[in-house]
Amino acid sequence: MEDKIVYDNDSLISELSQMIEQTQHQITSQANSALTMLFWHIGTRINNNILENKRADYGKQIVVTVSRQLMKQYGRSFEEKNLRRMLQFSEKFKDREIVVTLSRQLSWSHFLVLLPLKDEEARLFYANFASGIGVRELRKKISNKEYERTSIANIRNTVTPDVRNSFKDPYFLDFLGLSDTYLEKDLEDAVLREIEKFILELSRGLSFIERQKRMIIDGEDFYLDLLFYHRKLRRLVAVELKLGKFQAKYKGQMELYLKWLDRYEKTEGELPPVGIILCSESNQEQVQLLEMHKDGIMVAEYWTELPSKRELEKKIHSILLDAGERMEAKKLLE
């Protein structure tokens with residue numbers, strides 16, 4: 001009897017603790033949201049005041065004056081540099097409804113990381129992406145040019161709308177510890193060793209299903225390198241890892257795998273599977289001519305070493321220009 005009482009007591013304490021912690025989390029989340037909205041309203045009100053006076057020197061004076069008065073009453077949160085951040089915040093995020101939604105998911109620290117971004121689409125991309133990740137991880141995503149890489153993938157692969165923004169190009173596999181010379185199996189083995197990091201690099205929402213997925217077709221064995229499931233897309237994702245440049249024959253192989261998965265592995269409620277062919281060079285002209293996006297196939301590059309920020313910006317800029325030119329050329333032919 002005593003054992004049962006102890007057990008019930010432990011269960012009760014556990015349940016009450018969970019209730020308390022959930023409420024603490026809700027209170028913290030609500031406080032963060034309220035604080036963020038306060039900062040946005042302060043920035044908006046001061047910006048409107050400056051515009052009404054239409055004097056450049058007035059803007060400088062009012063910020064200093066208001067900051068001193070607010071600091072006396074409410075502390076260092078309203079010192080001049082923080083007040084200027086609030087002004088910048090309301091300038092960069094003008095739509096109140098968007099700010100209301102984001103404030104429920106992001107902290108003020110997240111917004112401070114986003115403010116230096118000049119491109120509005122990039123800011124909103126990272127703002128939506130940042131839900132559920134820390135400030136340090138957000139900085140890393142920005143440093144690794146997540147937005148630019150997703151833009152490249154979207155330009156290169158005009159796949160169905162639900163797949164857009166779910167994958168990137170190129171993929172950074174610098175964490176795999178590969179040497180300059182390696183076999184295809186080495187790449188696959190390295191991916192499997194660091195599977196969690198690889199999944200995060202590949203796309204959010206992916207779950208690993210199987211390595212070397214066996215398919216029997218006409219009595220012959222075929223093996224898909226890696227099979228994932230994407231919860232958000234509700235699709236199976238087939239991944240083939242290749243050395244060197246993309247080759248046209250890879251398309252037929254992936255088409256076969258996708259059709260087999262669609263027939264034998266897709267369950268009720270799921271959408272048709274999609275495929276990703278990872279190559280060290282994606283050979284874009286062949287990819288464009290083959291129109292692989294129509295078959296739900298993406299071709300992306302992988303880099304085994306993360307280049308310096310300057311080299312990365314240069315390479316991504318070059319890839320974007322090339323992709324943009326191809327899109328313009330395609331429009332002229334249509």
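Hydrogens, waters and symmetry mates play no part in the numbers below; they use all other heavy atoms, side chains included. Here the structure is a predicted model, which means the values were calculated and not measured.
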Check: [Y] main-chain N/O paired with [X] side-chain donor or acceptor under 3.5 Å:
X    : Y    : answer
N82  : F78  : no
Q212 : L226 : no
K266 : P272 : no
R85  : L112 : no
R123 : L114 : no
D262 : L258 : no

Is [Y] close to [X] at the side-chain level, that is, under 4.5 Å between some pair of heavy atoms?
X    : Y    : result
E97  : T101 : no
K213 : Y257 : no
V63  : L87  : yes
I98  : L124 : yes
Y223 : M215 : no
N47  : E91  : yes
L227 : V239 : no
M37  : V100 : yes

- Message: For L106 and T36: C-alpha separation, side-chain torsions, deciding distance, then whether side chain to side chain contact (heavy atoms under 4.5 Å, CB included) applies.
- Response: CA-CA 9 Å; L106 309 180; T36 298; over 6 Å; no
Please name the pair of heavy atoms, one in [X] and one in [Y], separated by the smallest distance, quoted to 0.1 Å.
X    : Y    : answer
H230 : L233 : ND1-N, 3.2 Å
K141 : Y126 : O-OH, 3.7 Å
V113 : P116 : O-CD, 3.2 Å
W260 : E265 : CZ3-CG, 3.5 Å
M86  : I42  : SD-CG2, 3.9 Å

- Message: Salt bridge or not between R214 and D221? Use side-chain N to carboxylate O under 4.0 Å.
- Response: yes
- Electrostatic pair E80:R84 at N-O distance under 4.0 angstrom: yes
If I take atom [atom1] from residue [X] and atom [atom2] from residue [Y], how far apart are they, to the nearest 0.5 angstrom?
X    : Y    : atom1 : atom2 : answer
I209 : Y229 : CD1   : OH    : 8.5 Å
R104 : L102 : CZ    : CG    : 10.0 Å
L38  : S103 : CG    : OG    : 11.5 Å
R263 : I217 : CZ    : CD1   : 9.5 Å
S90  : D95  : OG    : CG    : 12.5 Å
R136 : K140 : CZ    : NZ    : 10.5 Å

- Item | Under 3.5 Å side-chain donor-acceptor pair for H110 and S107 | yes
- Message: Side chains of E270 and T267: any donor to acceptor distance under 3.5 Å?
- Response: yes
- Of L224, V274, V237, which meets side-chain contact (heavy atoms from CB on, under 4.5 Å) against L261? L224
- Item | Single-linkage hydrophobic cluster L256~I216, side-chain heavy atoms < 4.5 angstrom | no
- Message: Test side chain to side chain contact (heavy atoms under 4.5 Å, CB included) on F89 and L115; report intermediate values, then the result.
- Response: CA-CA 7 Å; F89 179 39; L115 291 183; 4.2 Å; yes
- Message: Take a 6.0 Å sphere around CD of E120 and say whether it holds more than 12 heavy atoms from other residues, nucleotides or ligands.
- Response: no
- Item | Within 6.0 Å of CD in Q73, more than 12 heavy atoms from elsewhere | yes
- Message: I'd like to know whether the aromatic ring centres of F111 and F93 sit less than 6.0 Å apart in this structure.
- Response: yes
